Amino acid sequence: EDPYLTGRMGIAFVRGLQGNHPKYLKLVATAKHYAVHSGPERDRHVFDARVGERDLRMTYLAAFEALVKEGQVVSVMGAYNRVNGELCCASPTLLGEILRAEWGFQGYVVSDCGAIRDFHANHKVTQTDAESAALAARNGCDLECGGIFAALLDAVEAKLISEAEITTAVERLFT
């Protein structure tokens, strides 16, 4: 795929879906799968995409950057895989440093269905639902497709995440 062309087509698609009303959205567009979702499809739940900074920026992130900065996309969906060892749905680099701090993304991040369970079931990065839920929410995943975020109550009790960190995610969703 051509990253520039993908970005241009994506921006038009996002604008068409979200509309141009200054206050209300027609619907929320979601840019997916963030990011480097290019491993073998059958291995997407365990794959760790190893990519250099130049290739990451020029090939894999260029269209996402355009959707965030120009298209004003409201939602971004994290991929199942890892990138350079970090889980896409809990990546301090992808979600915190690049998406929010560098690009100024103000919307919310949602996981792909079952991606948070993959943290412990397939990637073996965490051991429990509570650890996986806390890791995702603490690092910027605001909404989960699946049932693992129900364990956030256990995660708070175990001091794996604070109520303030959960509040941040909820505020993004309600905004």
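Since the structure is predicted, the reported quantities are computational estimates derived from the model, not experimental observations.
Rounded to the nearest 0.5 Å, atoms CD (Glu163) and CG (Leu153) are 9.0 Å apart. The CZ atom of Arg54 sits 8.0 Å away from atom OG1 of Thr59, with the distance rounded to the nearest 0.5 Å. One distance of note links CG of Leu67 with CD1 of Ile11; it measures 6.0 Å at 0.5 Å rounding. Atoms CG and SG, on Asp118 and Cys88 in that order, are 11.0 Å from each other to the nearest 0.5 Å. Put simply, CZ on Phe13 and CD on Gln18 are 11.0 Å apart, with the number rounded to the nearest 0.5 Å. Rounding to the nearest 0.5 angstrom, the gap separating the CG atom in Asn139 from the CZ atom in Arg100 is 11.5 Å.
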When you look at Val110 and Met77, which way does the side chain to side chain contact (heavy atoms under 4.5 Å, CB included) test go after all the steps? CA-CA 5 Å; Val110 60; Met77 178 181 283; 3.9 Å; yes
Step-by-step side chain to side chain contact (heavy atoms under 4.5 Å, CB included) determination, Asp154 to Asp129: CA-CA 9 Å; Asp154 295 333; Asp129 287 1; over 6 Å; no
Worked verdict on Ile98 versus Thr93 for side chain to side chain contact (heavy atoms under 4.5 Å, CB included): CA-CA 6 Å; Ile98 296 172; Thr93 303; 4.0 Å; yes
Quick one: do Val156 and Ile161 satisfy side chain to side chain contact (heavy atoms under 4.5 Å, CB included)? Show the steps, please. CA-CA 5 Å; Val156 169; Ile161 191 169; 3.9 Å; yes
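Both Leu61 and Phe105 are part of a single hydrophobic cluster, where members link through side-chain heavy atoms under 4.5 Å apart. Linking Ile, Leu, Val, Met, Phe, Trp and Tyr whenever their side-chain heavy atoms come within less than 4.5 Å puts Ile148 and Leu87 in one cluster. In the hydrophobic clustering of this structure, Leu173 does not group with Val68; members are Ile, Leu, Val, Met, Phe, Trp, Tyr whose side-chain heavy atoms approach within less than 4.5 Å, directly or through other members. Note on Leu95 and Phe119: separate hydrophobic clusters, where clusters join Ile, Leu, Val, Met, Phe, Trp and Tyr whose side-chain heavy atoms are under 4.5 Å apart, directly or indirectly. Leu17 and Val74 fall into different hydrophobic clusters, where Ile, Leu, Val, Met, Phe, Trp and Tyr are joined by side-chain heavy atoms under 4.5 Å apart, directly or via other members.
Between Val76 and Trp103, every side-chain heavy-atom pair lies at or beyond the 4.5 Å cut-off. In this structure, the side chains of Tyr60 and Val83 stay at 4.5 Å or more apart for every pair of heavy atoms. Using a 4.5 Å heavy-atom threshold, the side chains of Gln72 and Val14 count as separate. Side-chain contact check for Leu94 versus Leu99: every heavy-atom pair is 4.5 Å or farther apart. Between Arg82 and His123, some side-chain heavy-atom pair lies under the 4.5 Å cut-off. With contacts defined as side-chain heavy-atom distances shorter than 4.5 Å, the pair Val73/Thr30 does not qualify. Counting heavy atoms from C-beta outward, Arg15 and Asn20 have side chains that stay 4.5 Å or more apart.
Between Tyr34 and Phe64, the ring planes lie perpendicular to each other; the angle is over 60°, past the 30° to 60° tilted range.
No donor-acceptor pair under 3.5 Å is formed between the side chain of Tyr80 and the backbone N or O of Ser111. No donor-acceptor pair closer than 3.5 Å links the side chain of Lys32 to the backbone N or O of Ser75.
The minimum heavy-atom distance between Tyr108 and Val28, with the atom names listed, is OH-CG1, 3.6 Å. Scanning both residues, Ala101 and Glu97, for their nearest heavy atoms gives CB-O, 3.3 Å. For the residue pair Ser132 and Thr126, the shortest heavy atom distance occurs at OG-OG1, 2.5 Å. Among all heavy-atom pairs drawn from Phe149 and Ala133, the shortest one is CE1-O, 3.7 Å. When every heavy atom of Gly16 is checked against every heavy atom of Lys26, the shortest pair comes out as O-NZ, 3.1 Å. When all heavy atoms of Met58 and Pro3 are compared, the pair lying nearest together is O-CG, 3.4 Å.
SG atoms of Cys89 and Cys141 are separated by 2.5 angstrom or more, inconsistent with a disulfide link.
The environment of CD in Gln106 is sparse: at most 12 heavy-atom neighbours from other residues, nucleotides or ligands sit within 6.0 Å. More than 12 non-hydrogen atoms from other residues, nucleotides or ligands lie less than 6.0 angstrom from CZ of Arg138.
Contact check on Glu70 versus Arg8 returns a salt bridge, with a Lys/Arg side-chain nitrogen under 4.0 Å from an Asp/Glu carboxylate oxygen.
Of the candidates Asp112, Val109, Ile116, Ile116 is the only one forming a side chain to side chain contact (heavy atoms under 4.5 Å, CB included) with Glu144.
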